[in-house]
Protein chains: 2
Amino acid sequence: MANLTKCIDMMDEGIGRVSTVIPQMPKAEARLSRLVLMVGSSLEQELEARLKPHQLNHSDFLTLMILYSRPDGHSTPGELCEFTSQGATNMTRIANALVKRGLITRRAGEADRRCVLIHITAAGRRLVQKMLPPLFPSISAMFAGFSEADKRHLSRLLRKLAHNLDQLSEAPHPPRTPR
Amino acid sequence: MANLTKCIDMMDEGIGRVSTVIPQMPKAEARLSRLVLMVGSSLEQELEARLKPHQLNHSDFLTLMILYSRPDGHSTPGELCEFTSQGATNMTRIANALVKRGLITRRAGEADRRCVLIHITAAGRRLVQKMLPPLFPSISAMFAGFSEADKRHLSRLLRKLAHNLDQLSEAPHPPRTPR
DNA sequence: ATCTTTTATTTCATTGATGAAATGTTTTCT
DNA sequence: AGAAAACATTTCATCAATGAAATAAAAGAT
């Protein structure tokens, strides 16, 4: 619960000191990656705190939002796993919970009967519509003082970073580039 | 384990569709906050994967790095809790594990004997020095294609975002502004 | 000198995530 | 038709994080 800014200051100093001992360290990049991690997890905490009153955690919320945002309000467990970065076991558990609360339904797929079709229910839609608007002021406040250009830049840079991260995880770790 | 870029594309479309139903939604800001969340957690996954071979998770690593980066190589449980965003219970557990591996030591504080002084050991320093350098290529690769100006901008924007997040969590949630 | 606060640990119960393996159904391949 | 692959669930075991409450030691306040 400590101040993010304070943590960042201390990270800056820490990296400064470490890089005097290990000068090959890419200092600017190390700082940036710590920044992304810190801001990301702080934002996640903030979001989780606001979801808790609705008895949802981030995974539940994401699952529900994906369904809500679909033109036909449905998806499959496999697809939901992919987009929520959850394992199949977890998704089954999440879906069980949401079904129990009447926010989604499960039924057999029509085209491919191996798949399960997960639909958001009217109650699920109502919940989303009720809980989203109160979040808007905070979302806007997060970017207070950002010009339109700032937002464009941040978006561009984060997307570029995402692209690089994709490259990284495709090619495995240090050992050797495949082929 | 899905492609980040693919997830981002689908998020873009999803927010586009949601905002036609709920037009008051701050679309650009919602996209940005999702971006930060997604990139942050992807980076975290990547990091955890590289720590695993050393039997460390993110919290362990952070704790160790804070100690390593301190001029005198020590801190207290309370301070470590603050900077790692961990509860006291967790920090005790983390410290126990690191002590057991001989990476840190605990001893009573001198000035204030309520505090426990946690020191990084020589073995702890060796571990850090062994594991950091192999990370550098990936850290650099993450920011491939970033100009110096790009890095400065990203740093500035993330810090501004951090500042706004601090404001947000100080003033509580929707109900009413205190005073 | 006593009362209160701070600091850390211990204990306990709970929750969420995680991963492996076995199962069952359906589709696809040949 | 029969073998193989895909999809989802179930079961099971485990681990990390979490939070509350009790405990203990030391410092600070009045």
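Labels below follow one simple rule: chain letters A, B, ... track the order of the sequence lines, proteins then strands, and each chain is numbered from 1. Remember, it's a predicted structure, so these values are computed and weren't measured experimentally.
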For atom CE of A:M91 and atom P of C:dG19, their distance in whole Å: 14 Å

Starting at atom CG of A:L117, determine the distance to atom C1' of C:dT26, rounded to an integer number of angstrom. 14 Å

Under the salt bridge (Lys or Arg N to Asp or Glu O under 4.0 Å) rule, what do A:D12 and B:R159 come out as? Steps first, then yes or no, please. CA-CA 12 Å; A:D12 276 328; B:R159 285 165 200 270; 2.6 Å; yes

Can you list, in residue-number order, the parts of residues 54-77 of chain A that come under 4.0 Å of DNA chain D, counting heavy atoms only? A:T76, A:P77

In whole angstrom, what separates A:L80's CG from D:dT9's P? 10 Å

Any side-chain donor-acceptor pair under 3.5 Å between B:R31 and A:S155? no

Would you say A:Q86 places a side-chain N or O within less than 4.0 Å of OP1 or OP2 belonging to C:dG16? no

Mind checking the OG-CE spacing from A:S140 to B:M25? Nearest 0.5 Å is all I need. 10.5 Å

Classify B:G78 by what it touches in the nucleic acid, base, sugar-phosphate, or nothing, heavy-atom distance under 4.0 Å. sugar-phosphate

Below 4.0 Å: OP1/OP2 of D:dA24 and any side-chain N or O of B:R114: no

From the set D:dT18, C:dT9, D:dT10, return the single nucleotide nearest to any side-chain atom of B:N90. D:dT18

If only side-chain N and O atoms count, and only distance matters, is there a donor-acceptor pair under 3.5 Å linking A:N90 with A:R93? yes

Salt bridge (Lys or Arg N to Asp or Glu O under 4.0 Å), that's the test. Do B:E46 and B:R50 meet it? Break it down for me. CA-CA 7 Å; B:E46 187 68 26; B:R50 294 177 191 255; 2.8 Å; yes

Please report the distance, rounded to the nearest Å, between CD in B:E44 and C1' in C:dA17. 13 Å

Between A:E110 and B:R106, name the one whose nearest nucleotide on DNA chain C is closer to the 5' end. B:R106

The residue, B:D112 or A:R93, whose nearest nucleotide of DNA chain C is more 5′ is B:D112

In terms of the angle between their ring planes, are A:H58 and A:F61 parallel, tilted or perpendicular, with boundaries placed at 30° and 60°? tilted

Rounded distance (Å) that lies between atom P of D:dT10 and atom CG of A:N96: 6 Å

Measure from CD1 on A:I94 to P on D:dT10 and round the result to the nearest Å. 15 Å

Within this structure, what is the CZ-to-C1' distance between B:R107 and C:dT7, rounded to whole angstrom? 18 Å

Using a cut-off of less than 4.0 Å, is there contact between a side-chain N or O of B:T89 and OP1 or OP2 of D:dT18? no

For A:Y68, check ring pair (Phe, Tyr, Trp, His ring centres under 6.0 Å) against everything at least two apart and list the hits. none

Which of C:dT7, C:dT26, D:dT9 is nearest the side chain of A:V116? It is D:dT9

